[in-house]
Each structure stands twice: as C-alpha cells, then as structure tokens.
Amino acid sequence: MNIYEFIKSRRTIRKFRQDELSVEQLNKYIDAARVAPSAANIQPLKYVVVKSREMSEKMFPLVKWAGYLAPDYDPKEGERPTAYIVVCADTTIRKAGYDMDIGAAVENMMLCALADNVGACWMLSIDRDEIRKLLSIDEHLEISCVVAMGYLAETPKEASVENGDIKYYLDKTNTLCVPKRGMGDVIIKTV
Ligand SMILES: Cc1cc2nc3c(=O)[nH]c(=O)nc-3n(C[C@H](O)[C@H](O)[C@H](O)COP(=O)(O)O)c2cc1C
C-alpha cells in the first residue's frame with residue numbers, strides 16, 4: 001500500500017483487541033508526534049501515556065464514544081482500548097495558539113500506530129478535570145484531547161454523503177460506515 005492508499009484506509013477505531021501495547025511501541029507513536037510540524041517550531045505539546053490495564057480501565061468512563069451511535073456502539077468489555085495517550089500543551093512554553101500543532105501531532109501519531117495495525121480514536125469529549133486528577137497532571141499542562149488505542153478489532157469503511165447527511169452509521173453487516181464529502185464538494189475551484 002502506498003502512502004496515499006494508507007492514509008485513505010485510516011478510519012477511527014472504537015473496538016480493540018485486548019493484546020497489550022508495549023512501552024516501545026507507544027513511545028514510537030509519541031516520537032512520530034514529536035516531530036510533527038509546529039508553528040514557529042515552539043513545540044509546546046507534551047504527552048501522558050496510560051498503558052497499564054488498571055489505569056486504562058479507570059480512563060474508560062472519562063471518555064465519550066461515537067456521539068451519533070451512543071451508547072449502543074460504546075466499546076463493550078473485551079473491546080476497550082488497551083492504552084490512551086493524553087495530549088497536553090505546556091502553557092509555560094506557549095499559552096494558546098497550539099491547536100494546529102495538536103492536529104498535526106495526533107495525525108502523525110495515529111498513522112504511525114496504524115502501520116502496526118494499531119487503531120486509534122481521537123477524543124475531545126473527555127472529562128478533563130477527572131483525567132487531571134486520575135493522572136496527577138499539573139495545572140500548567142492544558143489537557144487538549146485523548147487518543148485511545150489498541151489493535152484493531154473492527155474495519156469501518158468510507159461511505160458517500162447522501163443528501164448532506166454526514167452521520168456515521170452501521171450497515172446491515174454491522175460495519176461502521178463513515179460518510180465523507182466527495183471531491184466535487186470540497187474543491188472550491190482550481191485557477
Ligand atoms: C478533534 C476530534 C475530536 C473527536 N472526538 C471524538 C470523541 O470524543 N469521541 C469519539 O468517539 N470520536 C471522536 N472523534 C472521531 C470522529 O468522530 C471521527 O474522526 C469522524 O467520525 C470521522 O471518522 P474517521 O476518523 O473514521 O474518518 C473525534 C475526531 C476529531 C478530529
């Protein structure tokens with residue numbers, strides 16, 4: 001698969017096999033995030049790695065899954081993430097204006113993981129106060145988002161947007177279908 005096909009094959013994963021991820025693997029994904037583009041190369045992003053089964057179980061109720069299909073599509077026991085990476089911005093390095101850095105870093109992280117057959121769900125619907133308490137994250141670290149991870153146990157697919165409806169859905173085979181706007185919808189013009 002070339003890089004174009006690989007990028008196109010990535011879908012958000014919300015069902016995971018229970019084989020554990022190694023520290024080396026998780027560090028590799030953070031290394032990929034570490035070298036992502038950063039505005040003015042300020043690099044304010046820092047990461048907390050949640051790897052143990054005990055802590056992963058404690059993280060689970062602090063994140064919200066698949067808004068359009070909740071709660072039916074929430075990962076069940078035996079399908080839950082085996083690791084989480086909490087993405088923080090160090091406000092002593094940069095106070096604001098790092099959102100695009102986060103986008104680039106998280107995408108790098110997720111694509112690097114996918115190369116190991118590790119799926120990811122980028123999550124903004126999270127309980128930041130409780131995550132801060134659980135992981136003892138200092139106040140100067142702004143908690144931006146969480147990336148839930150684990151080996152893939154589902155294969156969602158791209159679908160086309162019908163009548164403007166972008167909500168993901170389950171088809172007859174219970175496969176998650178993710179409507180994406182077509183090329184004709186996203187290119188404004190080529191001059
Ligand atoms: C910034 C951001 C926040 C997201 N937050 C959540 C979330 O809290 N919970 C969740 O289940 N999915 C979340 N997602 C995943 C999106 O639902 C998913 O990317 C979208 O449905 C498109 O699917 P795809 O990633 O397979 O292309 C988030 C994605 C992004 C980019």
Side-chain angles (χ1 to χ4, degrees), residues 1 3-16 29 32-33 36-39 44-45 47-48 50 56 58-77 79-89 96-132 134-135 142-162 164-171 173-183 185-186:
M1 208 187 282
I3 189 141
Y4 164 73
E5 291 161 341
F6 182 69
I7 287 169
K8 294 242 304 177
S9 77
R10 184 214 56 82
R11 295 273 68 80
T12 289
I13 298 301
R14 299 185 180 87
K15 297 191 185 304
F16 305 93
Y29 310 152
S38 171
L45 306 184
Y47 306 90
V48 177
V50 178
S56 294
K58 289 186 176 165
M59 280 292 288
F60 184 74
L62 306 181
V63 298
K64 283 212 181 84
W65 299 91
Y68 297 137
L69 298 173
D72 294 357
Y73 205 65
D74 288 8
K76 309 284 178 294
E77 198 100 27
E79 298 176 339
R80 296 179 177 166
T82 52
Y84 295 83
I85 294 174
V86 182
V87 181
C88 302
Y98 39 68
D99 283 358
M100 298 214 187
D101 286 23
I102 290 169
V106 171
E107 184 73 354
N108 268 17
M109 187 190 290
M110 295 197 304
L111 289 172
C112 186
L114 186 58
D116 289 342
N117 208 31
V118 170
C121 184
W122 183 353
M123 313 193 83
L124 266 193
S125 294
I126 58 175
D127 188 334
R128 290 176 180 74
D129 292 343
E130 288 302 316
I131 291 172
R132 186 179 294 287
L134 176 68
L135 303 173
E142 184 74 35
I143 299 174
S144 165
C145 56
V146 162
V147 183
M149 291 189 161
Y151 287 99
L152 279 81
E154 65 168 343
T155 46
K157 60 180 189 198
E158 180 183 342
S160 49
V161 173
E162 305 290 347
D165 190 357
I166 46 64
K167 290 185 185 144
Y168 43 80
Y169 58 91
L170 297 174
D171 70 7
T173 64
N174 239 20
T175 301
L176 183 68
C177 299
V178 185
K180 294 289 182 185
R181 297 188 202 282
M183 289 291 284
D185 298 322
V186 300

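Keep in mind the model is a prediction, meaning the values are calculated, not measured. Each ligand, and each atom within it, is numbered from 1 in the order the structure gives.
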Near ligand 1, at a heavy-atom separation below 4.0 Å: residues by chain and residue number =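 Shell around ligand 1 (4.0 Å, heavy atoms): Arg10, Arg11, Thr12, Arg14, Lys64, Trp65, Ala66, Cys121, Trp122, Met123, Leu124, Ser125, Tyr168, Val178, Lys180.
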
For Glu77, does the CD atom sit with more than 12 other heavy atoms under 6.0 Å from it, leaving out its own atoms?
->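 For Glu77, atom CD is not crowded (no more than 12 foreign heavy atoms under 6.0 Å).
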
Which residues satisfy the side-chain contact (heavy atoms from CB on, under 4.5 Å) test with Lys64, sequence neighbours excluded?
->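 Lys64: side-chain contact (heavy atoms from CB on, under 4.5 Å) contacts with Ser125.
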
Residues in side-chain contact (heavy atoms from CB on, under 4.5 Å) with Pro179, at least two apart?
->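 Counting only residues at least two positions away or on another chain, Pro179 forms a side-chain contact (heavy atoms from CB on, under 4.5 Å) with Val161, Tyr168, Tyr169.
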
Does Glu130 have any salt bridge (Lys or Arg N to Asp or Glu O under 4.0 Å) partners at least two apart in sequence or in another chain, and if so, which?
->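 Residues passing salt bridge (Lys or Arg N to Asp or Glu O under 4.0 Å) with Glu130: Lys133.
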
Nearest heavy-atom pair of Ser9 and Met1: which atoms, and what distance?
->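 Between these two residues, the closest heavy atoms are OG-SD, 3.9 Å.
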
Kindly say whether Ile143 contributes a backbone atom to a donor-acceptor pair with the side chain of Arg128 at under 3.5 angstrom?
->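 Judged by distance alone, yes, a pair lies under 3.5 Å.
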
